[in-house]
Amino acid sequence: HDKTNVDDSDEAYEVETDEENSDDAYGADTDVDEDNVKEIKSRADDLPLPEIKDIFKGTRFLLKGFKEKENSLLERYIVGYGGEIKMYNSPSVSYIITKSATDRDLRDARETNKSVNVLHPDWIFACCDRLEIVPVHKYML
């Protein structure tokens with residue numbers, strides 16, 4: 001065998017150490033000094049937070065016919081803005097939120113509660129976007 005082209009150095013086996021790899025994000029110091037925490041908290045306390053209006057305060061809603069994800073999102077908006085979710089229609093329910101309703105559904109709803117509004121869910125989002133109760137006429141089913 002001719003050994004003239006064989007590299008006998010250990011270069012191929014060198015391992016990079018943490019000190020040599022200073023660009024490694026995982027090697028960064030993550031300890032937070034207690035003094036820094038106090039300063040960060042005091043600065044955060046001074047940040048203005050938008051006031052969340054209770055636009056649905058005292059208002060009861062019935063959600064009907066939604067898949068779980070849609071239902072959860074609507075609940076989050078309604079409760080986040082001060083409303084209550086009810087499981088059944090009753091005289092205390094102000095709004096039934098649904099994507100569709102037959103004439104019979106509407107009749108049944110109004111037999112239980114003459115003043116209930118049956119509305120498309122876009123009404124909820126419109127109210128939350130404007131931070132006020134918007135007129136219901138274009139969302140009525």
Side-chain angles (χ1 to χ4, degrees), residues 1 3-141:
H1 271 30
K3 289 189 169 192
T4 54
N5 289 335
V6 175
D7 186 1
D8 289 334
S9 73
D10 288 334
E11 270 182 44
Y13 300 103
E14 285 183 24
V15 176
E16 195 171 17
T17 64
D18 285 343
E19 294 83 36
E20 291 171 331
N21 189 5
S22 61
D23 292 335
D24 183 9
Y26 296 105
D29 183 18
T30 58
D31 291 340
V32 177
D33 195 13
E34 276 302 311
D35 294 335
N36 289 349
V37 170
K38 288 177 185 171
E39 179 193 343
I40 291 168
K41 280 185 178 179
S42 72
R43 284 194 314 209
D45 288 341
D46 294 338
L47 291 174
L49 291 175
E51 181 182 328
I52 296 178
K53 293 184 175 185
D54 286 338
I55 58 173
F56 297 136
K57 186 174 184 161
T59 308
R60 293 179 180 95
F61 296 83
L62 171 63
L63 302 178
K64 202 158 169 54
F66 295 102
K67 292 180 180 165
E68 190 176 337
K69 276 183 146 182
E70 291 174 302
N71 204 73
S72 293
L73 181 64
L74 287 164
E75 277 187 29
R76 186 179 296 168
Y77 272 87
I78 291 166
V79 173
Y81 285 95
E84 283 182 59
I85 304 292
K86 293 297 179 186
M87 300 309 291
Y88 304 101
N89 190 14
S90 73
S92 70
V93 171
S94 301
Y95 303 99
I96 296 175
I97 306 299
T98 188
K99 285 185 178 177
S100 64
T102 65
D103 286 341
R104 183 177 181 163
D105 292 336
L106 296 172
R107 238 187 347 268
D108 290 349
R110 293 199 174 98
E111 276 180 22
T112 303
N113 182 348
K114 288 183 182 6
S115 63
V116 73
N117 286 295
V118 182
L119 304 175
H120 191 276
D122 287 347
W123 179 78
I124 297 290
F125 302 120
C127 292
C128 294
D129 287 346
R130 302 219 16 223
L131 295 177
E132 64 184 6
I133 301 294
V134 300
V136 298
H137 63 275
K138 71 180 191 181
Y139 301 97
M140 292 185 91
L141 297 178

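This one's a predicted model, so the numbers in the text were calculated from it and none came from an experiment.
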(request) Report yes if some heavy atom in the side chain of Tyr81 is under 4.5 Å from a heavy atom in the side chain of Leu131; otherwise report no. (result) yes
(message) So, taking the atom named NE2 in His120 and the one named CZ in Phe125, what distance separates them when rounded to the nearest 0.5 Å?
(response) 9.5 Å
(request) For the pair Asn113 (side chain) and Ser115 (backbone), establish whether a donor and an acceptor sit closer than 3.5 Å, ignoring hydrogens and angles. (result) yes
(message) Is the shortest side-chain heavy-atom distance between Arg110 and Val116 below 4.5 Å?
(response) yes
(message) I'd like to know if Lys53 pairs up with Glu132 as an ion pair, taking the criterion as any Lys NZ or Arg NE/NH1/NH2 lying under 4.0 Å from an Asp or Glu carboxylate oxygen.
(response) no
(message) Nearest 0.5 Å, please: how far is CG in Asp108 from OG1 in Thr102?
(response) 7.5 Å
(request) Indicate yes or no for a side-chain donor-acceptor contact from Thr98 to the backbone of Lys64 under 3.5 Å, with no hydrogens or angles considered. (result) yes
(message) To the closest 0.5 Å, what do you measure between CE (Met87) and CG (Leu63)?
(response) 9.0 Å
(message) To the closest 0.5 Å, what do you measure between CG (Asp129) and CG (Asp122)?
(response) 10.0 Å
(message) Would you call the rings of Phe61 and Trp123 parallel, tilted or perpendicular, taking 30° and 60° as the class edges?
(response) tilted
(request) Write down the atom of Asn117, the atom of Met140, and the distance for their closest heavy-atom approach. (result) OD1-CE, 3.6 Å
(request) Could you give me the CA-CA distance, side-chain angles and deciding distance for Tyr95 and Val136, then say whether side chain to side chain contact (heavy atoms under 4.5 Å, CB included) is met? (result) CA-CA 10 Å; Tyr95 303 99; Val136 298; 4.1 Å; yes
(message) Distance check, rounded to the nearest 0.5 Å: Leu119 atom CG versus Leu141 atom CG?
(response) 7.0 Å
(request) Please report the C-alpha distance between Phe66 and Ile97 in whole Å, then the side-chain angles of each, then the deciding distance to 0.1 Å, and finally whether the side chain to side chain contact (heavy atoms under 4.5 Å, CB included) criterion is met. (result) CA-CA 9 Å; Phe66 295 102; Ile97 306 299; 4.0 Å; yes
(message) How close do Cys127 and Ile55 get, counting heavy atoms only, and between which atoms?
(response) O-CD1, 3.5 Å
(request) Begin with the C-alpha distance, continue with both residues' side-chain angles, and end with the deciding distance and a verdict on side chain to side chain contact (heavy atoms under 4.5 Å, CB included) for Tyr88 and Val93. (result) CA-CA 8 Å; Tyr88 304 101; Val93 171; over 6 Å; no
(request) Give, for atom CG of Asp105 and atom CG of Asn89, the distance between the pair rounded to the nearest 0.5 Å. (result) 11.0 Å
